[in-house]
Amino acid sequence: MSARAHSYDAELATYQHHNPRSAARFTAAQQVLAGGNSRLTAYFAPFPFYVERGEGCAIYDVDGNRRLDFYNNATSLILGHCNPQVTTAVIEQAARGAAFANPTEPEMALATLITALVPGVERLRFTNSGTEGVMLAIRAARAYTGKAKIAKVEGGYHGTSDHVSVSVTTQAGDADTPQASPSSRGITPNTLADVIVIPFNNVEAAQRILAQHRDDLAAVLIEPAMGGLGYIPAEPAFLEALRAACDGHTTLLIFDEVQTLRMTPGGAQQWFNVIPDLTCMGKIIGGGLPVGACGGRADVMEAFDATQHAPGIPHGGTFNANPMTMQAGLATMRQLTPEVYERLNEYGTALRNQLEEMARSYHVPVQITGVASFFGIHCTDHPVTDYRSAQGQDAALRQKLFLHFLNHGIYLGNKIVGNISAPMERAELEHFVQVWERFLQAVQ
Ligand SMILES: Cc1ncc(COP(=O)(O)O)c(C=O)c1O
């Protein structure tokens, strides 16, 4: 049977059979939550499973199923679930107080740690999400340059604010001259007009488009390894060209390192040795609790300073830098030695290589992408190198693959992406490869 013709019904029936409590909870949830939950990535057809608890690299659902967590709450749980030091730090802080309207020492300690590690971050501000971190970086770039427009990469995901909800899951224009396309309802024409779109890893096109808008361009925003496309890394020459274009045009370069901070202690900017003016952060720096941050050059971040005069950017937030998050972040980041990153990256490379070799040996048309501890699986016969080449995949095969992994004790992101966490050992990787082989055998 061809991969395309293979039905997903058997996986669906198995999933439904083993998850009746989750099914009932999702039916009830739809009566009170719009769409049954509060987060797009939490949903997949026919219904998501409801988690009861996590431990190390495993999660347990309300039907008693155990699954290896290869998603790690969208890459944020780099130490897996319930890391003892993180749990203790959070419990001890809860006993002292969960939130104050005042600065606390852990806020300063976490900022000290991050500024020491991330080359482009001299000063930073904490937020409650990566979305807010990106919003703040865009505002800071506009404040600093006095210009209005931002450029982003086609297919780049940067959270859910208006200006970055453009050309994420939609496209317009030619491949080498993409036009801004709303990827959500509710995006106004004015917002669209302020967003310039560049194709990924296309130096000539990016240079041409950025030069055309140089007088209006406050910032170029890029995720150095595109998570939404299965963590395809930027070509070093592409990042260097963006850096040069920004320098030449008095435009700020923003790296969205909400996920890529996982690549090295200093993030993707250290990996590629290209230093942005502003860096958006999130995920791992909160140790599993809600977090985000915007950091960068001291002269740009000066806009937030209220000590000398009214700040250029009045940035508030009831829960910004709340001590629970700061303690969890500190307890996490202090355990992340260079050796931890090296091992995660080594495991990631080994896993990607094995998945690819095995797919080739079974002649199944899939593509494996990724870098460092990240990976993505694409059900297509042509190489996936950017947003447009990632389109037109075999949707039925993707759904089958996702449920196959769930039915065999592995949870991936519903875009069929994954990442390695520190509690994972070779045994977990071997299990993953075995499940992959069963899938390939079933669809070859
Ligand atoms: C690259 C990137 N930027 C921004 C965000 C938004 O972060 P948050 O979900 O914390 O708002 C995400 C979230 O997945 C992300 O992957």
Side-chain angles (χ1 to χ4, degrees), residues 37-43 70-78 118 120 124-141 150-169 183-184 195 200 219-234 239 253-263 267-269 271-272 276 278-296 317 319-322 325 328-329 332 369-376 387 390 412-419:
N37 61 48
S38 305
R39 186 177 177 185
L40 180 67
T41 44
Y43 175 73
F70 274 86
Y71 192 42
N72 295 305
N73 194 24
T75 76
S76 60
L77 293 163
I78 193 165
V118 185
L124 65 94
R125 304 275 293 193
F126 287 108
T127 62
N128 296 297
S129 66
T131 292
E132 291 169 80
V134 173
M135 287 167 63
L136 220 50
I138 292 173
R139 179 90 66 87
I150 61 153
K152 74 176 286 289
V153 176
E154 192 170 49
Y157 178 74
H158 303 284
T160 53
S161 68
D162 281 11
H163 286 93
V164 296
S165 298
V166 172
S167 298
V168 183
T169 52
S183 293
S184 164
V195 182
F200 186 49
V220 176
L221 170 65
I222 181 169
E223 187 183 20
M226 300 266 290
L229 303 181
Y231 303 99
I232 303 175
L239 294 179
L253 180 61
I254 306 176
F255 276 7
D256 181 346
E257 296 237 38
V258 168
Q259 297 204 61
T260 55
L261 216 54
R262 223 182 194 274
M263 290 169 68
Q269 50 199 268
W271 178 286
F272 291 107
L278 289 169
T279 302
C280 314
M281 294 164 278
K283 312 252 193 219
I284 64 169
I285 64 167
L289 271 63
V291 78
C294 161
F319 297 105
N320 290 354
N322 76 84
T325 296
T332 297
T369 54
V371 64
S373 58
F374 303 115
F375 61 92
Y387 175 74
L412 289 168
N414 63 6
K415 291 203 171 129
I416 329 239
V417 289
N419 58 88

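If you're wondering where the values come from, they're calculated on a predicted model, not measured in any experiment. Below, all heavy atoms of this structure are taken into account, side chains as well, without hydrogens, waters or symmetry copies. One-based numbering, in listed order, for ligands and for the atoms of each.
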Enumerate the protein residues lying less than 4.0 Å from ligand 1, judged by heavy-atom distances, in chain and residue-number order. S129, G130, T131, Y157, H158, G159, E223, D256, V258, Q259, K283
How close do L40 and N414 get, counting heavy atoms only, and between which atoms? O-ND2, 4.1 Å
How are the rings of Y231 and F374 set relative to one another: parallel (under 30°), tilted (30 to 60°) or perpendicular (over 60°)? parallel
Do Q269 and T279 have side-chain atoms, one donor and one acceptor, less than 3.5 Å apart? yes
Would you say the side chain of I222 lies within less than 4.5 Å of the side chain of F255, judging by non-hydrogen atoms? yes
Do T325 and N322 have side-chain atoms, one donor and one acceptor, less than 3.5 Å apart? yes
Would you say R125 has more than 12 foreign heavy atoms packed within less than 6.0 Å of its CZ? yes
